[in-house]
Structures are given as C-alpha cells and as structure tokens.
Amino acid sequence: MGSTPAFMLQLLLALVAGGFTTLTASPFELWWLGPVAIALLYVGIHTLTPAQAALKGWLYGIALFASGASWVYISIHDYGYTGVPLAALLTALFVAVLALFYAGTFWLYRRFTTPRLAWLTFAGAWVLGEVLRTYLFTGFPWLLMGSGYVDSPLASWAPIGGVYLLSLLVVLSGTLAANVLLRRQWWALAPLLAIWLIPLALPAQWTTPSSTPTRVALLQGNLPQLLKWTPDGQRIAANTYSRLTAEVADEADIIIWPETALPMMETQARPVLERVQANLPPGVALVTGIVQLDEANRYYNSVVGIGNVEGSYQKEHLVPFGEYLPLESVLRGAIDFFDLPMSSFTKGASHQAPMQASGVSLGNAICYEIIYPQLVARRAQDSDVLLTVSNDTWFGASIGPFQHLQMARLRALENGRYVIRATSNGVTAIIDAHGSIVAQAPQFETTALVGEFYAMEGLTPFTRTGSWPAWLLAGLMLLPGLRLTRCRGR
C-alpha cells in the first residue's frame, strides 16, 4: 500500500482513535467512543503489511499516551527538577516507548493471523497486548481500554471478568459494529446486542454489607510537593495532620492519613504519632502512609497504624524511577530526575496479612498499586474493605488524578468492596461496592472527608479467579485466525 492515500488515511484514523480512547476515561467519560476507536483501527487492517500495521498501531499509541498520559511531563518538569527541553524529551521518549506495545501487537497480529474471523481474533490479540503491557518491564496498565467503563452499561461484567473482560467486550463491540455498518453483515447484530443486553440480567450485587457502617475520616493535607521534604515541610505536615485529626477524632472509628503524610522516617515520626494518639478517643484507629527504614538500611513505602490497629503493610509494586531506579549504577546522578528523594525503596513481600483497624480488615494498595487488578483482587480475598493511600501531588492540576480515581472505582466494582481513598491533595473519596463515589473531597484544599463505609462479606467471581479466565478467553479467540503458512507481506 506504500504511502497511498488509503494508507495515509488509515494512519490519520489511528491518531484519531488514540484521542478517542483518552476521551473514554475520566474526566471526560465518553465511554461510547471506545467501540468507535476500535472500528477506526480495525477497518482496513488486513490490507496492510505487518510493518504498515505496526506503524498504525504505533501512531495509535502515540496519540493515546500523548493525550492521556500528558501528566508525565508535570511529574518530570514541575517536581523532577528538570528543565523544559529535557522534560519534553523524556516525556516524548516515554510516550514513544509505550506506543511500541501497540506497534508490536499490530505487527504480530498481521504477521500471524489471517482475515478469517477477524472480528474475533482482533479482540483476542488486543487483550493479550494489554496483558503484556501490564507486566512487561514491571508494567504500565494505565488507560486499558476497559478502564473507562465503570459507569457504562457494560459495568456489570466487571465483577465477573474484570477490566480485561471489559476490554475484550469493547473491542468486540467495535469489530462487530464495523461488520454491521460497513459490510452489512447483519448476523453480527446478535452478539453485539448480547454484549450490551446481558448485563441487564446479571446480579446487581455479589457481596453482602455488614449490618452496621464504620465511620471513617480521610485527611487531605494539601502540602506542596516541592516543600514537603524540607524541614519547614515536615513541621507544617506534622501540625496540619495533628490539627485535622483533633477536629475529627470524635466523628470517626478510623482516621486515614495519605501516603507519606509525614515526610520523614517512621522513627522520626513516632513522637508526632504518639502525641496524636494520646488525644484519640479509646478504640479509634489511625492509619497513615509512612517511610520505614529497617536494620539493613532498606527503605519501604509503608502503611502503619496507632491506636486500635494491628499489623502494617509495605508496598509490593514499586514505581520505576519514582520509587526505585532501574540500571541504578548507570543512571544515578546522570540528571536530577534520576536522583529524586525517596527513589531507593525496597519492595515488600508478595503475601502480607491484611491490617486490622477498629475490627475491620484492610486490604492495602499504595498509590500506583491500585491500577493492578490482580494485586488488588488478591488483597480483596482476605479483607473487608480496600484502602488506598496516595500522593497524587505528582500529577499537578492534570487529568491524572481523575484517571487514577476511576481505576480505583473499577477495583471496587470488580471486587464488590468499598474503596477508601486518602490522597495528599485529591482526589480523596469514599467509593462503594458498586464503584460509585458516595463522598468526595475537593481537590487542592486542606480538609477532612468524613463518611461511612460498610465492611463487605463474600467474593465476586473476579475476586475468586482473578483475570486469567479473561486472558484464556482472549487466547482462545485468537486461535481460529492463526496463520499456518508463512506470511508473504513484509
């Protein structure tokens, strides 16, 4: 096809599709654009060589991450001590590398499949590509196709198969709709309608709330990130969270401070925490994110508690560059961004017992961990409620915090558990077992969000099995179209 007008049109439509996919997610939530984006990518894919398909996939990824993950520039420039040119270059590199996942998926799809049952095989290949992006090189499951569907008619599928099943159904909707509208293959209406109508017959709730609610107060200190780790920042943080705690102490059974609320080691923070504990009513639990340092001089991003609390948690899935530095011996000291404060954490154990606070079992997911469906499902199996503490200050006034919140909502829906979410400057929220926000604090304000949640009993099908049934289904859907002879296209 070379550089023919038809091929150039496909590349243009790939860019449009990437922008449409970003619009399915928060804060836009135009979820109906998902199947449209898929249709734009699917139509004409089999007229391309594997190399041309790879370019189409790469441009889709460029548009998706340049629009949907633009907050990376804020993290690098505003808080990573990096100048504009270098920050722009690093952001462009980040986007270009992530887009390679779609380039690889599209190349493999064209190289190893035929047009036979393409509406089915394209969906299978897409989801397997998302699985690869979730885990390869520590993973980045941000902006998965199914992430924007917590408020859509497809939402009832989430407790059954999770975000990957949602992705599969959205992609199938796009390929089936393309067959109906462009090829007049009316048989495709039956499975298309089934995808969207079956949720009406699915159970509204898979888990059962306890008889009495638990009162919770989520504190949002709103401390500027650039001030946070200075001596003044430490003093202001201690005073702010102590004051907010005193104001809500009589209103809550559990008080939550966000990730690294006190910007100091746990040993330094103990006097502050002990003073706060002395003024807590009997039976009240206070849980906070904190940095721990062990005898081997290893740092952990942790959650600990005082008062009516048992246990602690150390973050298992760390953020590359933010919490640990890949190729540290080469990159450390190269530029300021590679020498951020607290970028030498050690990951916690894979299996940690849930914390107990005021008689409630807490399944922890610190910040970035909430975007990993398998990890959260594992925590939900042994807990009554999911707790996520986060420092979304790194996102600035971008769309990042709203995307992060939406993924937390999807984890609540997948697992039939309340998610209580305490952040440094927003979006702090209480999310019910259906993924709906029942209380939310305003961004960029120093405030306390006081509300209630219910401990939930029982497990959803997704919590029991995790994502592997959706992965297996995607793999089986790919099989009918596998090419048995060598592909001629280059």
Side-chain angles (χ1 to χ4, degrees), residues 18-30 60-99 101-102 133-134 137-145 147-148 150 220 222-226 228 258-260 317-323 335-338 340-343 365-372 388-411 421 423-429 440-445:
F20 279 2
T21 305
T22 292
L23 292 177
T24 66
S26 258
F28 313 104
E29 299 179 7
L30 304 177
Y60 167 79
I62 290 287
L64 171 63
F65 294 117
S67 59
S70 55
W71 45 263
V72 170
Y73 174 83
I74 296 173
S75 300
I76 296 173
H77 174 257
D78 293 6
Y79 306 117
Y81 312 102
T82 305
V84 172
L86 184 56
L89 177 62
L90 290 174
T91 302
L93 183 62
F94 172 81
V95 168
V97 170
L98 279 178
F101 280 101
Y102 290 101
R133 178 156 68 87
T134 300
F137 307 125
T138 79
F140 187 73
W142 202 280
L143 293 172
L144 300 180
M145 181 58 78
S147 294
V150 68
Q220 181 175 288
N222 195 37
L223 191 68
Q225 183 65 31
L226 294 178
K228 185 171 182 177
E259 181 185 16
T260 59
H317 200 116
L318 303 177
V319 181
F321 302 104
E323 292 176 318
I335 60 174
D336 289 340
F337 179 65
F338 294 148
L340 292 173
M342 299 294 103
S343 59
I366 297 178
C367 193
Y368 185 64
E369 290 184 311
I370 198 69
I371 75 174
Y372 285 87
T388 179
V389 295
S390 184
N391 177 19
D392 281 5
T393 309
W394 290 95
F395 294 126
S398 71
I399 61 177
F402 299 100
Q403 295 171 343
H404 206 186
L405 173 66
Q406 186 177 53
M407 286 181 277
R409 293 178 59 203
L410 187 52
R411 299 293 89 81
R421 185 172 193 263
T423 72
S424 296
N425 70 346
V427 181
T428 296
Q440 179 177 323
Q443 270 190 297
F444 313 120
E445 291 187 17

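Heavy atoms only: backbone and side chains are in, while hydrogens, waters and symmetry mates are out.
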Visitor: Does the ring centre of Phe94 sit less than 6.0 Å away from the ring centre of Phe140?
Guide: yes

Visitor: Under 3.5 Å, is there a donor-acceptor pair between the side chain of Ser424 and the main chain of Asp392?
Guide: no

Visitor: What residues form a side chain to side chain contact (heavy atoms under 4.5 Å, CB included) with Asn222, not counting sequence neighbours?
Guide: Asn425, Phe444, Thr446

Visitor: Taking side chain as C-beta onward, heavy atoms only, is Ile76 less than 4.5 Å from Thr91?
Guide: yes

Visitor: Holding to side-chain hydrogen bond (donor to acceptor under 3.5 Å, both in side chains), I want the full list of residues that pass it with Thr388, two or more places apart in sequence or in another chain.
Guide: none

Visitor: Apply ring-ring contact (aromatic ring centres under 6.0 Å, His included) to Tyr102 and list each qualifying residue two or more places apart in sequence or on a separate chain.
Guide: Tyr60, Trp126

Visitor: Who are the side-chain hydrogen bond (donor to acceptor under 3.5 Å, both in side chains) partners of Ser67, not counting sequence neighbours?
Guide: Thr22

Visitor: Could you check whether any side-chain N or O of Gln440 sits under 3.5 Å from a backbone N or O of Ala429, counting only pairs where one atom can act as donor and the other as acceptor?
Guide: no

Visitor: Would you check, one step at a time, whether the test side-chain contact (heavy atoms from CB on, under 4.5 Å) holds for Trp71 with Trp142?
Guide: CA-CA 12 Å; Trp71 45 263; Trp142 202 280; 3.6 Å; yes

Visitor: Less than 3.5 Å apart, any donor N or O on the side chain of Asn391 or Gln225 sitting next to an acceptor on the other?
Guide: yes

Visitor: Suppose we screen for side-chain hydrogen bond (donor to acceptor under 3.5 Å, both in side chains). Which residues come up paired with Gln406, at least two apart in sequence or across chains?
Guide: none

Visitor: Is Ser75 reaching over with its side chain to a backbone N or O of Trp394, donor-acceptor style, under 3.5 angstrom?
Guide: yes

Visitor: Indicate yes or no for a side-chain donor-acceptor contact from Gln220 to the backbone of Pro442 under 3.5 Å, with no hydrogens or angles considered.
Guide: yes

Visitor: Would you confirm whether His404, through its side chain, and Cys367, through its main-chain N or O, come within 3.5 Å as a donor-acceptor pair?
Guide: yes

Visitor: Using the rule given for side-chain contact (heavy atoms from CB on, under 4.5 Å), can you reason through Met407 versus Leu144, listing the C-alpha separation, both sets of side-chain angles and the distance that settles it, and then say yes or no?
Guide: CA-CA 10 Å; Met407 286 181 277; Leu144 300 180; over 6 Å; no

Visitor: When rounded to the nearest 0.5 angstrom, what distance separates CG in Leu98 from CG in Leu93?
Guide: 9.5 Å

Visitor: Just checking, any donor-acceptor pair under 3.5 angstrom between side chains of Thr260 and Lys228?
Guide: yes

Visitor: Quick one: side-chain hydrogen bond (donor to acceptor under 3.5 Å, both in side chains) partners of Gln443, sequence neighbours excluded?
Guide: none

